[in-house]
Amino acid sequence: MAESKEFVQEIHSRSEDFSEWYVDVVLKAGLADYAPVRGCMAYKPYGYAIWEAIMSELDRRFKAAGVQNAYFPLLIPQSIFMKEAEHIEGFAPEVPWVTRVGQEELPEPYVIRPTSETIIGTMFAKWIESYRDLPMVLNQWCSVVRWEKATRPFLRTTEFLWQEGHSAHRTEADARERTMRMLEVYRRFVEDVLAIPVIAGRKSEHEKFAGAVDTFSLEALVGDGRALQAATSHYLGQGFAEVLGIKFLDDDGQLKFVHQTSFGASHRLIGALIMVHGDDRGLVLPPRVAPVQVVIVPIAPQARRQEVWAAARALAEELAPVARVHLDEREEYSPGWKFNEWELKGVPVRLELGPRDLDQGEVTVVRRDSLQKQPVKRAGLAQSLPALLEEVQASLFARAKDFLASHTYHLDDYAEMKRVLEDRAGFVVAGWCGKHECEAEIKEETGATIRCLPLDQGTVSGKCIKCGQPAQATAYFARAY
RNA sequence: CGGGGUGUAGCGCAGCCUGGUAGCGCACUUGCUUUGGGAGCAAGGGGUCGCCGGUUCGAAUCCGGCCGCCCCGACCA
C-alpha cells in the first residue's frame with residue numbers, strides 16, 4: 001500500500017490522524033464546507049445528495065411503519081417550552097432566544113427549537129379528543145438548533161438536519177411497542193442501507209433523554225474506536241401529556257393522559273458513514289446510499305477519441321436503468337486524476353473504458369471497497385452490475401462487523417478496562433451494578449460512558465466491573481462522540 | 001467552557017525573530033501539445049496578510065483585545 005499512498009495528496013492519513021482525516025474527507029470529497037456562522041456548515045450538492053438518499057429511504061420505511069409526516073413551528077413560545085421541568089433543565093443551556101423584532105421587544109420571547117416535544121405536544125392536545133384519535137404517529141423532517149460548545153461537521157453542529165417522530169398512545173404498552181418498533185426500523189435501516197452494524201440497547205438513567213422515562217439507542221463503533229449514537233427512540237411516559245394537557249376520553253368514559261414516544265436520527269448518520277467505511281483514499285459509500293453508484297471514466301486518446309466516447313455514452317445509457325450511473329465527460333482532466341477524485345468521493349464501482357477494453361470487448365471494473373481491478377465482458381454487464389453492487393454492500397457490512405467484533409472486549413477486570421479505554425480500542429462489555437456512582441467514577445477515570453445496556457442481555461451474571469457488587473446488567477462502555 | 005495549537009491568493013505553505021513596495025507550489029484563465037493511476041510547455045489573472053485598536057515616519061512583522069478553525073478534556077444527536 002506504500003506506493004499507492006503517494007497518490008493521495010489531498011488528505012491526512014486515517015491511521016495517523018483520524019480527526020484531521022475526517023475533516024479532510026468532509027471538505028475534499030465535497031460533502032460540506034464551513035459557513036460563516038458559528039458551528040454551522042453549508043451542505044454541498046454531493047453531501048446533500050447523501051442526506052437525500054438517507055431521507056428518502058428512511059421516509060419510505062417510516063410510512064410503511066404507519067408514520068405520517070407533518071410540520072411544526074421553528075419557534076417555541078417560552079411559556080410552552082418551560083412546561084416540562086426535566087426537559088428545560090436538559091436543553092436550556094443551549095437554546096438561542098428570539099426576543100426582539102426590529103427594535104421592538106417581544107411580549108413573550110421564543111426559543112428556537114432544540115427538539116419539538118413541547119410544541120408538538122401542544123398541538124396533540126388540540127387534536128386528540130377520543131381514544132379513536134389514537135395512536136397519533138407523526139414525523140417531521142427539519143433542522144434544530146443547539147448551541148454546542150465544540151462543533152464538528154456532521155457530528156455536532158449548531159444547526160443540524162434530522163427527523164423527529166412523535167407519537168401519542170392510549171396505553172403504556174402501545175407506546176412502548178412503538179418505541180421498540182421504531183428502534184427496529186432504525187436498526188434495519190442503519191445495518192441494511194448504511195452497512196453499519198450497531199448495538200441496540202437502553203440508556204442508563206443518567207444518559208437518557210431529558211424528559212424521557214426510557215431512552216433506547218443504536219450505538220455504532222467508528223474507525224478510531226469511539227462509539228457514535230446513530231439513532232434514539234424514547235418512551236416518554238405521561239410527563240409531557242400531564243403538563244401540556246394531552247387528554248383523551250377512553251371507552252370506559254374516563255378522561256386519561258396519553259402515553260408518548262419520540263424518535264430521531266440526524267445528519268450524524270453521514271458522519272457515521274464517513275468514519276465507519278472511509279479509508280486513506282477518502283470516502284467509501286455503501287451502494288445503497290451512494291448518490292453515484294457507478295462512475296464511467298472513458299480513456300480516450302486522440303486516435304480513437306470518437307470511438308471511445310461513443311462507446312462510453314452507449315454504456316452509460318445501457319446501465320442507467322439498473323444503477324445510478326455517472327459518465328465523467330470532463331475532457332480537461334486526465335483519467336488518473338479522475339480515478340483519484342472518484343475514489344475520494346467514495347463511488348462504489350468505477351468502470352474504465354479505453355481502447356484496450358474496446359478491443360477485448362471488455363470493461364475494466366474497479367471496486368472501491370477492495371480497489372481490485374478486473375476486466376469484465378461488456379456484454380452482460382447490465383445483468384451482473386446489480387449483483388456486484390450488492391456484493392460491495394455486503395462486503396462493507398461484513399468488514400464493519402468484523403471491526404466491531406474485534407474491537408469489543410468482554411472484561412471483568414477494571415485495570416484492563418482502563419487500559420483498553422485509554423487506547424480507545426473500542427467497546428468494553430462488562431457487568432454493572434446499576435449504581436450511578438460506579439458509572440460516574442468510570443467516566444471520571446476512563447472518559448468512557450455507558451453507551452447502552454444491550455437489549456440482548458443474555459444471562460446477567462458476574463460482578464460490577466467497578467465495585468465488585470453483583471451485576472444488575474451487562475453494559476457497553478466506550479468513549480463516544 | 002478550560003488547556004494547547006493555528007489564522008498570509010481557492011488549497012498547502014514561506015516571510016514575522018531583526019518593521020521598509022507580499023512570495024512559492026498546486027489550483028484558476030488563454031493557447032498549443034496530451035489521455036490506461038493526480039500530463040507538458042508558454043503567457044496571464046488573483047491577496048484590505050482573520051477582525052478591531054495601539055506603538056511607529058512606516059506594521060503581515062512589535063503590543064493589547066476580540067473572533068474563527070483544529071486538537072485534548074468537561075457537556076449533548
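Numbers restart at 1 for each chain; the letters A, B, ... are given by sequence-line order, proteins then strands.
- Nucleic acid contact class of A:Thr115 (heavy atoms, under 4.0 Å, all strands): none.
- Here A:Arg305 pairs with A:Glu331 in a salt bridge; the nearest charged N to carboxylate O distance falls below 4.0 Å.
- Taking the charged nitrogens against the carboxylate oxygens, A:Glu422 and A:Arg479 have no contact shorter than 4.0 Å, which rules out a salt bridge.
- B:rC41 is paired with B:rG31 under the Watson-Crick or G-U wobble criterion, all donor-acceptor distances under 3.5 Å.
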Legend entry - Contact state string [nucleotides 29-35 of chain B, B base, S sugar-phosphate only, - no protein heavy atom under 4.0 Å]: ------B
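- Scanning atom types as modelled, no donor and acceptor separated by under 3.5 angstrom connect the side chain of A:Glu341 and the base of B:rG38.
- The side-chain heavy atoms of A:Leu31 and A:Tyr48, taken from C-beta on, include no pair separated by under 4.5 Å.
- Between the CG atom of A:Asp357 and the P atom of B:rG37 there is a distance of 12 Å, given to the nearest Å.
- By the salt bridge (Lys or Arg N to Asp or Glu O under 4.0 Å) test, A:Glu441 pairs with A:Lys466, sequence neighbours left out.
- A:Arg60 meets the salt bridge (Lys or Arg N to Asp or Glu O under 4.0 Å) test with A:Glu57; sequence neighbours excluded.
- As the counterpart of B:rA77, no nucleotide is assigned, since no Watson-Crick or G-U wobble pattern has both distances under 3.5 Å.
- Across all strands shown, B:rC66 forms a Watson-Crick or G-U wobble pair with B:rG50, both key distances being under 3.5 Å.
- Using a 4.0 Å cut-off between a side-chain N of Lys or Arg and a carboxylate O of Asp or Glu, A:Arg176 and A:Asp214 qualify as a salt bridge.
- Each of A:Val363, A:Thr364, A:Leu327 was checked for a side-chain contact (heavy atoms from CB on, under 4.5 Å) with A:Leu353, and the lone residue meeting it is A:Val363.
- Side chain of A:Thr157 to main chain of A:Gly39: no donor-acceptor pair is present (N/O by atom type, distance under 3.5 Å, no hydrogens or angles).
- A cation-pi contact links A:Arg146 to A:Trp162, judged by a cut-off of 6.0 Å to the six-membered ring centre and 45° from its axis.
- As the counterpart of B:rG25, B:rC11 is assigned, both hydrogen-bonding distances of the Watson-Crick or G-U wobble pattern falling under 3.5 Å.
- In this structure, A:Lys345 forms a cation-pi arrangement with A:Tyr46, its terminal cationic atom sitting closer than 6.0 Å to the ring centre and no more than 45° off the ring axis.
- Residues meeting the salt bridge (Lys or Arg N to Asp or Glu O under 4.0 Å) test with A:Lys401, sequence neighbours left out: none.
- For B:rA59, there is no paired base (Watson-Crick or G-U wobble, both distances below 3.5 Å).
- Checking B:rC17 for Watson-Crick or G-U wobble geometry (two distances, each under 3.5 Å) identifies no partner in any strand.
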Inset, instruction - At under 4.0 Å between heavy atoms, which parts of nucleotides 67-77 of chain B does protein reach? Answer with one letter per nucleotide, 5' to 3': B base, S sugar-phosphate only, - none. - result: -SSSSSSSBBB
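- At whole-Å resolution of the value, NZ in A:Lys28 and P in B:rC11 are 10 Å apart.
- For A:Phe339 and B:rG36, the CZ to C1' distance is 6 Å, given to the nearest whole Å.
- For RNA chain B, the neighbouring residues in residues 347-356 of chain A, judged by any heavy atom under 4.0 Å, are A:Arg350, A:Glu352, A:Gly354, A:Pro355, A:Arg356.
- B:rG7 and B:rG37 are spaced 37 Å apart, taking the P atom of each and rounding to whole Å.
- A salt bridge does not link A:Arg350 to A:Asp328: none of the charged nitrogens lies less than 4.0 Å from a carboxylate oxygen.
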